[in-house]
Amino acid sequence: MSAKTKIIFIGSLAGPGAEPLRFLGDVLDVVEVADADEAAARFGEDDFAAILSLESAANVRGEQSGAGGDARILEDLPVGVCLVDGEDRLVWVNARFRRLCGRDDVVGQGFYAALDSPEILGPDFSPLHTVLATGEPSTTKLQGREKNFFQLHVSPLGSLRALGARLVVVVRDITPEVQQQQKLEAIHQAGIELTDLRPDEIFDMTVQERIDLLKSNILHHTQAVLDFNVVEIRLLDQATGQLTPLLAEGLDFEAANRALWARTYDNGVTGFVAATGEGYLCEETREDPLYLQAFAGARSSLTVPLMLHNQVIGTFNVESPLPRAFTNDDLLFLEIYAGNVALALNTLNLLEAQGTAILQRGIEAIHRAVALPIDQILIDTVHVLDAYQGYEPPIIDRLKNILRNARDIRQLIHEVGRGLAPGDVIPANAPAPRDGERHRVLVVDRDPEILKNAHAILDERQFDVETAQTGAHAVAMIRSCVDHAPYKIVITDLALPDMNAYDLFLQWKSMLSGKVPLVVMKGYGWDPGHVFVKCREAGLHEKALVHRPFLVDQLLQVIETMLEWQKE
């Protein structure tokens, strides 16, 4: 950014009264024009700060009029200007300088005191005395108490000695420029720290450990440096055009896991950016036809491509609950940071792991597709098994084989996925329970979407999940395995089609001799039947409550609590 302020001057710099502009040539870029019409025409052509003329600079504060016409033109300048005597006291200031000081009554005060005693950053740490001693101009930088920054240009005074001044000081507020530079430096440093590991450390890490490291570093620097808290990064499969999630923080579960492709239509802003390679600023989500909701209440978003060797390898998206929360400067900063992220992805060889991740997600997609049908097979088989109790043993044995084989299908799908992927790829997005065991969990809810989400969340975390939609089905499922590999936890909605959670709790309790690891789901509304209170009075654990739809962290924490409780 240029250090000079550009202004248009109607008249000639060689004429009488223009001396202030001549001796401020080091800090002002003055363009001379003949008349007002030419000034108006030129003003829109470039980034001019003001139009000045001797005729328009006639109205000056009465107490400062002693400097004559020379002071009047200084009054209108778009930078702070002041005249300083040999003892660093202010003898005249213009309107802009008074605004920089935040008050009007500064004449007679010391120069630095008027600016609230800022810190001198250099390179000249005594610019006023330097100019008085040498007669040569000096430039330096100041930092105010409010983290604002000023650039000073001090010159020896020419013929403007009407008030006994010896120096003219031009003060320019450079806070936006400094803050921009500081942010760029912070982004550069963050890019270095994304992969701040020695080669031998990287080689000793598994692919998943590299992914976890990079995700942690990206999230940390995105929040600390850029101040963005809702973040999504997807990687682009060059063969299929699918955008695979790598990192999602603050997004709704459905949004973080929705299928997206690099297309300019029907795939939201993320698909558009991946297809075009251009950043996209969505100022108001309610008005943007491309936007797909990332979380409830999102009002603006910013999305840029991850570029490597001029090729799109993914997307970087941030969101805000405020409309018009992002600016073009934010777009620039995010594009620079995204370049660092792309380099880090390349450095850690994550793009090689992407194919494996896509393969693993394909296996998981198959598992999710068959999860509920398998659950229905289990429910139907248990129902038939109950009906055939007392019949010939071969029939009972066959029905039990159906149960066992149906339950094995899910495990076989996971084993196939592990067989196709390298041994260091962990299929889950989060660790298994602390004890390292696989636990069987039954989830009971009338809503199929809740059951699908339960599979999506818990299957990937190495739980064996089964589901039912009614209390009667749940009781039959519990009874079928109460003596062999029983459920470690049953998670049920507060109100089922045929009974409530309290009724289910009592029936399960009658089959057990000890603790009943039931977890109750409820919405955010009122519980008119006081079902949860009744369950607590009957022995339900005090923390056995989660909200629906699932809050993932809360669900996992409650499950962990129940597993630990059963060990006591």
Side-chain angles (χ1 to χ4, degrees), residues 194-195 206-215 218-219 231-249 251-280 290-292 294 301 303-319 334-335 337-369 413-414 416-430 456 459-460:
L194 284 178
T195 52
T206 66
V207 171
Q208 187 62 40
E209 287 171 338
R210 297 176 191 179
I211 292 173
D212 291 341
L213 169 71
L214 183 58
K215 288 165 64 174
I218 290 173
L219 187 59
V231 183
E232 180 188 40
I233 295 178
R234 290 178 178 252
L235 298 182
L236 176 62
D237 179 6
Q238 302 296 336
T240 66
Q242 186 169 8
L243 291 159
T244 306
L246 173 69
L247 183 153
E249 177 72 16
L251 274 70
D252 290 344
F253 178 83
E254 294 79 6
N257 290 276
R258 69 162 60 102
L260 293 176
W261 278 264
R263 298 171 186 163
T264 57
Y265 57 92
D266 295 337
N267 281 269
V269 171
T270 297
F272 181 88
V273 169
T276 63
E278 299 290 335
Y280 192 96
L290 279 180
Y291 183 78
L292 298 178
S301 72
T303 311
V304 300
L306 294 175
M307 303 291 295
L308 188 66
H309 307 310
N310 294 322
Q311 183 179 32
V312 178
I313 64 169
T315 57
F316 196 132
N317 175 54
V318 295
E319 305 268 343
L334 190 60
E335 285 176 340
Y337 185 59
N340 293 330
V341 171
L343 290 175
L345 287 166
N346 187 57
T347 302
L348 292 181
N349 294 321
L350 292 183
L351 295 180
E352 293 182 11
Q354 180 190 357
T356 299
I358 292 173
L359 175 62
Q360 188 62 47
R361 286 188 173 87
I363 296 294
E364 292 168 0
I366 294 172
H367 184 276
R368 287 194 295 270
I413 293 174
H414 281 307
V416 169
R418 284 193 293 269
L420 291 174
D424 62 353
V425 175
I426 302 173
N429 291 328
D459 285 346
E460 291 184 346

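- A donor-acceptor pair is defined here as one N or O able to donate and one able to accept, closer than 3.5 Å; such a pair exists between the side chain of Tyr291 and the backbone of Ala294.
- Atom CD1 of residue Ile313 and atom CG of residue Leu243 lie 11.5 Å apart, to the nearest 0.5 angstrom.
- Shown here for Gly279 and Pro305, the closest heavy-atom pair between the two residues is N-CD, 3.9 Å.
- With respect to Leu292, the side-chain contact (heavy atoms from CB on, under 4.5 Å) criterion is satisfied by exactly one of Val269, Leu260, Asp266: Leu260.
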*Please test Thr303 against Phe272 for side-chain contact (heavy atoms from CB on, under 4.5 Å), starting from the C-alpha separation and ending with a verdict.*
CA-CA 10 Å; Thr303 311; Phe272 181 88; over 6 Å; no

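- Taken to the nearest 0.5 Å, the CG atom of Leu247 stands 11.5 Å off from the CG atom of Asn317.
- Note: Leu236 CG to Gln311 CD = 8.0 Å, rounded to the nearest 0.5 Å.
- Between the OG1 atom of Thr270 and the CD1 atom of Ile233 there is a distance of 11.5 Å, given to the nearest 0.5 Å.
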_Could you walk me through whether Val231 and Phe316 satisfy the side-chain contact (heavy atoms from CB on, under 4.5 Å) test, starting with their C-alpha distance in whole Å, then the side-chain angles of each, then the deciding distance to 0.1 Å, before giving a yes or no?_
CA-CA 8 Å; Val231 183; Phe316 196 132; 3.7 Å; yes

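- Rounded to the nearest 0.5 Å, atoms CD (Gln242) and CG (Leu235) are 11.5 Å apart.
- Annotation for Val312 and Gln238: closest pair O-NE2, 2.8 Å, computed over non-hydrogen atoms.
- Scanning all heavy atoms of the two residues, the minimum distance from Arg234 to Ala256 falls at NH2-O, 3.5 Å.
- Of all heavy-atom pairs between Glu335 and Val304, the closest is CG-CG1, 3.5 Å.
- With Asp252 contributing its side chain and Glu254 its backbone, the two residues share no donor-acceptor pair below 3.5 Å.
- Residue Trp261 comes nearest to Asn267 through the heavy atom pair N-OD1, 2.7 Å, listed as atom of the first residue, atom of the second, then distance.
- Summarising the geometry of Thr315 relative to Ala274, their closest heavy-atom pair is CG2-CB, 3.7 Å, with the distance given to 0.1 Å.
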